[in-house]
Amino acid sequence: MTELVKKLTEAYGPSGRESEVHQLILEELSDHIDGYKFDAVGNLLVWKYGSSGKKILFDAHSDEIGLVVTNVTEKGFLRVDAVGGVLPHTFVGHRVRFGDVVGVAYVEGETEEERKKNWNNLSLDNMFVDIGARSYEEAKNKVPIGSFGVYDSHFYEMGDYLVSKAMDDRIGCAVIVELFKRLNSCPNTIIGSFSVQEEVGLVGASVAAYTLSPDVCIAIDVTDSADYPKAFKRHSMVLGKGPAIKVKDKASISNRMVVEKLVELAEAGGIPYQMEVLTFGGTNAAALQRTRAGIASATVSIPTRYVHSPSEMVCKSDVENTVQLLIEYAMKGV
């Protein structure tokens, strides 16, 4: 599974530009699904039929945060805006990939003192990206206005930990792919939703469940980890103690019956788990539960350090235990 995570996290897929990720997923699932479709907003939906008449949808968003080019200077430097929840400090000094073109993000300043001042008051207004162009025309030909960029960051295996850009939420995508690979037969119909544009407002999830009308939806996403120095003290989620079964976040409250069933299955199967109350943020469950007349929805999260940075970190055992828990739910959840 590690090679799958590497492949998916290193793929290029900012919000609204997820096609490379979707093609990789389809290649992985070619022998493990009964069908697939792309809906009108670009979500990839795959399924495997069961006989019970019940349908469970597992969702993970396939997009990642990034930058979009808004202007080009006379000397060929790029001005940019955020795509999703970008923290400007995580880009300065790092490489940014616009398709086949790579640039370096940096902060303005004619003097060291001015650069320090701009760093302390950093915003996208005093940042630029250098792609090695020498003129407006050269830069615009290489990276036109409207081009999307992502961290040019690579996957690393660090003992028990996996580190890469875009763990949010390619790790959720990898979990769903692995779920389909391991489910040789299942009484319930299983739907995998690899949704688009979560980072800019849960766009894909707002329609992902509409045409297939599942009985239950579970979003798989990352969550905060409170086990590094001076981490958020009101959070209990940490790496290495299993998937986090979400009770609530700022956007939604998980369906109580789904939460209780996940806990029951984890305990019966000896699968380690954590309970999650996230004091900020949200997941696609907030959109999925509002579909049609409403769908019972919840989130299973993978604790992650350094979210929305070039080096998001997860624990291998948490990923594996998430797969195991979702297999149990697929088989026995409704």
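These values consider heavy atoms only, across backbone and side chains, with no hydrogens, waters or symmetry-generated copies. We number each residue from 1, following the sequence as shown.
In this view, V200 and S15, V83, Q197, V203 satisfy the side-chain contact (heavy atoms from CB on, under 4.5 Å) rule, not counting sequence neighbours. For the side-chain contact (heavy atoms from CB on, under 4.5 Å) test, residues two or more places apart in sequence or in another chain that qualify with H94 are P310. For E3, the side-chain contact (heavy atoms from CB on, under 4.5 Å) partners are K6, not counting sequence neighbours. Among residues two or more places apart in sequence or in another chain, the side-chain contact (heavy atoms from CB on, under 4.5 Å) test is passed with E28 by L4, K7, V177, K181. Residues satisfying the ring-ring contact (aromatic ring centres under 6.0 Å, His included) criterion with H308, sequence neighbours excluded, are absent altogether. Under the rule for a salt bridge (Lys or Arg N to Asp or Glu O under 4.0 Å), E20 has no partner lying at least two apart in sequence or in another chain. Checked against ring-ring contact (aromatic ring centres under 6.0 Å, His included), Y228 has the following partners two or more places apart in sequence or in another chain: Y306.
For the 3.5 Å distance criterion, the side chains of Q23 and E27 fail to qualify, holding no donor opposite an acceptor. The closest side-chain donor-acceptor pair between T223 and S301, if any, does not fall under 3.5 angstrom.
A distance of 9.5 Å separates CD1 in I191 from OH in Y49, rounded to the nearest 0.5 Å. Atom-to-atom distance recorded for H32:NE2 and R182:CZ is 11.5 Å, nearest 0.5 angstrom. With rounding to the nearest 0.5 angstrom, the CD atom of E64 is 9.5 Å from the OG atom of S153. To the nearest 0.5 Å, atom CG of residue L45 and atom CG of residue D39 are 5.5 Å apart.
Here the side chains of I131 and V102 are not in contact, with every heavy-atom distance at 4.5 Å or above. Residues V263 and M275 have side chains in contact (heavy-atom distance under 4.5 Å, counting atoms from C-beta outward). Using a 4.5 Å heavy-atom threshold, the side chains of I145 and T70 count as separate. Side-chain atoms of Q289 and I295, non-hydrogen and from C-beta on, never get closer than 4.5 Å to each other. H61 is listed as a side-chain neighbour of D168, based on a closest heavy-atom distance under 4.5 Å. Side-chain contact between V334 and K261 is absent, with no heavy atoms from C-beta onward closer than 4.5 Å. You'll find the side chain of I171 reaches within 4.5 Å of the side chain of V5, heavy atoms only.
Pairs passing the salt bridge (Lys or Arg N to Asp or Glu O under 4.0 Å) check and including a residue from residues 325-334, sequence neighbours excluded, read E328-K332. Under the ring pair (Phe, Tyr, Trp, His ring centres under 6.0 Å) criterion, no residue pair touches residues 165-198, with sequence neighbours excluded. For residues 113-159, the pairs satisfying ring pair (Phe, Tyr, Trp, His ring centres under 6.0 Å) are F77-F128, H89-W119, F91-Y151, with sequence neighbours left out. For residues 77-94, every residue pair satisfying the salt bridge (Lys or Arg N to Asp or Glu O under 4.0 Å) rule, not counting sequence neighbours, is listed here: R79-E108. Applying the salt bridge (Lys or Arg N to Asp or Glu O under 4.0 Å) definition to pairs two or more places apart or across chains, those involving residues 287-315 are D227-R305.
Panel note: side chain N118, backbone L122; no donor-acceptor pair is recorded below 3.5 Å. Side-chain N or O atoms of K241 include none that pairs as donor or acceptor with a backbone N or O of Q274 at under 3.5 Å. N43 places a side-chain N or O within donor-acceptor distance of the main-chain N or O of V196, the cut-off being under 3.5 Å. No donor-acceptor distance shorter than 3.5 angstrom exists from the side chain of S135 to the backbone of K75, with no hydrogens or angles considered.
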Go through the steps for N255 and S297 under the test side-chain hydrogen bond (donor to acceptor under 3.5 Å, both in side chains), then give the verdict.
CA-CA 6 Å; N255 179 276; S297 301; over 6 Å; no
Under the ring-ring contact (aromatic ring centres under 6.0 Å, His included) criterion, do H235 and F280 qualify, and how do the steps go?
CA-CA 10 Å; H235 287 167; F280 51 76; 5.2 Å; yes
CA sep, side-chain torsions, deciding dist, call: T283, D221, side-chain hydrogen bond (donor to acceptor under 3.5 Å, both in side chains):
CA-CA 7 Å; T283 74; D221 210 332; 5.4 Å; no
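Scanning both residues, S195 and G204, for their nearest heavy atoms gives CB-C, 4.2 Å. Here the shortest heavy-atom pairing between A330 and L183 reads CB-CD1, 3.8 Å.
The 12-atom threshold is exceeded at CG of N121, counting heavy atoms of other residues, nucleotides or ligands nearer than 6.0 Å. Applying the 6.0 Å contact sphere to NZ of K248 captures more than 12 heavy atoms from other residues, nucleotides or ligands.
When each of E113, E112, E114 is paired with K116, the salt bridge (charged side-chain N to carboxylate O under 4.0 Å, His left out) condition holds for E112 and for no other.
Residues L325 and L239 are members of separate hydrophobic clusters, defined by side-chain heavy-atom contacts under 4.5 angstrom among Ile, Leu, Val, Met, Phe, Trp and Tyr. When hydrophobic clusters are built by joining Ile, Leu, Val, Met, Phe, Trp and Tyr residues whose side-chain heavy atoms come closer than 4.5 Å, directly or via intermediates, I245 is grouped together with L265.
Under the 4.0 Å criterion applied to side-chain N and carboxylate O atoms, K316 and E157 are assigned as salt-bridge partners.
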